[in-house]
> 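First the structure, which I've put down as structure tokens, then a few questions once you've had a look.
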Amino acid sequence: MQRTQITGTDTHKPRTHTCGALRTEHVGQEVVLKGWVDTRRDLGGVIFIDLRDRYGLTQVVFEPHVNAAAHALANSLRGEFVISIKGTVRRRDDDQVNPKLPTGEVEVYASELVILNTADVLPFAVSAHEEKTTLANEDLRLKYRYLDLRRTSLQENLLMRHKLYQVTRLYFDAHDFVEIETPGLMKSTPEGARDYLVPSRVHPGQFYALPQSPQTYKQILMVAGMDRYVQIVKCFRDEDLRADRQPEFTQIDVEMSFATEDGVYDLIEGLMKSLWKDIKGVDLETPFPRMRYDEAIRRYGSDKPDLRFDLEIQDVSEALEGSGFRVFDGVLANGGKIVALVVPGMGDQGRGYMDRLDKDIVRKKIGAGGLIYFKLPTDGSEMYSSVKEHVLPTDFVNKAIETVGAAAGDLVLVLAGAVPEVYKQMGALRLHMAKELDLIPDSAEGPWKFLWVTEFPLLEWDAETQRYYAMHHPFTSPRPEDMETMFDDPGATRARAYDLVLNGSEVGGGSIRIHNREVQSQMFRLLGIDAEEAEERFGFLLGAFRYGAPPHGGIALGLDRLVMLLTGARSLRDVIAFPKTQSAQETMSNTPAPVDADQLEDLHIQLVDLEEEGSEPKTKAVKQPS
Ligand code: ASP
């Protein structure tokens, strides 16, 4: 009666439903389903298959009396075989209903089975029942990414990412933005990282840079009168990788003519509202709070403070001034600060814990000189100071404790040092203590603490190279009030730059730009870029500024980071289909890889062994003599 074969050719009609579609309303219908064998159970001669595709799981039942041959063939099914089945939808017995599955009220009685493809034994288990499998090691999962991506959680991340593209494009379209592609092969734009370079075949010895961002092009589009630009764009930065960085990443890149800070904040708050509403069904409250950069550093020791918990840094310099304690006196005499953090519920910590905190965290991990602390036991007994009374008199300690408002049961952590370093160190300790106290929620369900950090410094002084760097990028405008400062006291100049922060992560950053040639030239001078170099590198932009450049500004949002926060994924690698590892490799296809000598020759490149210099990398590309 029915056919059963192993041909690999699909003799069935196209599927009538996906594996996530069937419900009780389909009972009695004959259906064709196609998908992967997720699990197989053999119960007293009856074989149950969970058939899986991107849409879900459907239970398929093979009974010998329905079709003996199909049943026999089902015996040979193994995990991840690709099959097509034809059968009839039945209601499951009441005690067999699986409320966790959308298809859990029905099953399909198979009358036909075609094996479309077999699968070798997998290097690790893949199943939609993720709770039943242990997660394989990430190296292995990245090497077999096509198997890893069969996991429901990764598929859900990619689907959420897709949804984010859609909502974003609709939102910007509704606000009169035009999506415009900018070149992938371009001239270097300074965003503070190393470029990925692409050698030119037709121009020996010359290179394109992959975009670190489309910054210069989007500004040129404003000069061109496009008014409102958006692009979902790949950017490339060759940096040493940290856990939350990828060498290629995606930005939602935005630029607007006649923009003000408030205009950018409104626009982006609206986008966040739409994303959270459409993707998570959450109503975000706007406007988001705003905090100046210097305040963020003073209160949280970070320019991306996590506001899901308090633990604010407090200044105890005044209370401890004149204590006679050499460390404190020295720091204050040099213009530094003494700062404190009150950690509730830790006033009874023992010596061992405190020593480890000092050695492993404060000194080793955070790089501060050392920790001073005062413990206020829960039972109200005497305060304990890590510095002996004759070195740091108790009166001073008590004054500091009073200043920070600490009470019985609190631990007061104190660091002293130069500004702003001491704040940043305390900021890192704040995060560490929040983790210790389990104050940081670990879920994709909020709370969602957005914050605009504003008025960043324009420049950052680098002591090692003895020069200024642009804190955001060289196209960022000083605040109008600081135009003079830019010439008189460059280091004190504040910028019209802002970051959007969510739960302690920077999700975007931008600025109102310089649109005046004079100011732009001064900025280049401050960065040590002389007129000739400025002309060579950015002549096109400076040139464009001559011909009616409107005031403009914008922002770029890290799309991968947004998806990560929306999904609750632990790593950017879990929201990118084919991510790079920490060592910038894509291990499934083995990228990067050597290339043929012919290709190098075409590109006028010769590899030279630098082994004798003992430096990494071992080879360097040089231009061949022509
Ligand atoms: N180009 C900047 C960046 O990639 C963003 C901006 O200023 O709009 O960070």
Side-chain angles (χ1 to χ4, degrees), residues 168 172 177-184 186-196 209-223 226-239 244-261 263-268 271 293 303-304 452-460 469-479 494-502 505-515 519-520 523 527 537-538 541 549-562 572:
T168 300
F172 280 105
F177 281 75
V178 188
E179 183 156 2
I180 303 173
E181 288 179 70
T182 50
M186 63 184 276
K187 198 163 182 161
S188 169
T189 286
E191 293 281 358
R194 245 176 257 121
D195 286 318
Y196 277 97
L210 298 183
Q212 287 193 35
S213 84
Q215 185 61 36
T216 43
Y217 284 107
K218 67 174 174 173
Q219 292 192 237
I220 295 274
L221 285 170
M222 295 305 102
V223 182
M226 289 311 300
D227 196 59
R228 304 194 130 198
Y229 144 95
V230 68
Q231 185 180 192
I232 295 183
V233 63
K234 265 293 176 71
C235 299
F236 304 81
R237 297 183 191 176
D238 187 1
E239 315 183 83
D244 59 349
R245 287 260 174 103
Q246 283 281 313
E248 56 177 305
F249 59 97
T250 307
Q251 290 196 336
I252 303 170
D253 197 39
V254 177
E255 196 73 10
M256 302 151 79
S257 291
F258 313 109
T260 58
E261 285 86 335
V264 175
Y265 301 162
D266 272 0
L267 176 83
I268 299 303
L271 173 66
Y293 169 87
D303 59 2
K304 42 177 194 289
W452 287 106
V453 177
T454 67
E455 294 186 24
F456 277 76
L458 185 69
L459 302 160
E460 215 173 1
Y469 284 88
M471 188 120 173
H472 186 49
H473 53 53
F475 312 111
T476 296
S477 173
R479 293 178 353 130
R494 281 161 304 170
R496 298 182 73 179
Y498 34 77
D499 274 358
L500 180 61
V501 173
L502 170 56
S505 287
E506 180 198 327
V507 292
S511 59
I512 303 300
R513 325 296 183 190
I514 298 168
H515 65 282
V519 181
Q520 189 64 70
M523 182 68 175
L527 298 175
R537 290 175 63 187
F538 309 112
L541 186 64
H552 57 285
I555 191 165
L557 303 166
L559 184 143
D560 312 287
R561 180 77 35 93
L562 277 173
L572 285 176

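Counting convention: from 1, in listed order, for ligands and their atoms alike. This structure is a prediction, so every number in the text was calculated from the model and none was measured.
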> Near ligand 1, which protein residues have a heavy atom under 4.0 Å away?
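Those residues closer than 4.0 Å to ligand 1 by some heavy atom are Glu191, Ser213, Gln215, Lys218, Arg237, Gln251, His472, His473, Gly509, Gly510, Arg513, Gly554, Ile555, Ala556.
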> Using 30° and 60° as the class limits, which term best fits the ring planes of Trp452 and Tyr498: parallel, tilted or perpendicular?
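Answer is perpendicular, since the angle exceeds 60°.
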> Salt bridge or not between Arg494 and Glu455? Use side-chain N to carboxylate O under 4.0 Å.
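A salt bridge links Arg494 with Glu455.
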> Calculate, to the nearest 0.5 Å, the distance between atoms CD and CE belonging to Gln215 and Met186 respectively.
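The CD atom of Gln215 sits 9.0 Å away from the CE atom of Met186.
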> So how far is it from Tyr196 OH to Ser188 OG, rounded to the nearest 0.5 Å?
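Spacing of OH (Tyr196) from OG (Ser188) equals 14.0 Å.
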> Mind checking what makes side chain to side chain contact (heavy atoms under 4.5 Å, CB included) contact with Ile220, not counting sequence neighbours?
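So Ile220 forms a side chain to side chain contact (heavy atoms under 4.5 Å, CB included) with Phe540, Leu541, Ala544.
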> Assess, by modelled atom type and distance only, whether the side chains of Asp195 and Gln212 contain a donor and an acceptor separated by less than 3.5 Å.
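Result is yes, a qualifying pair exists.
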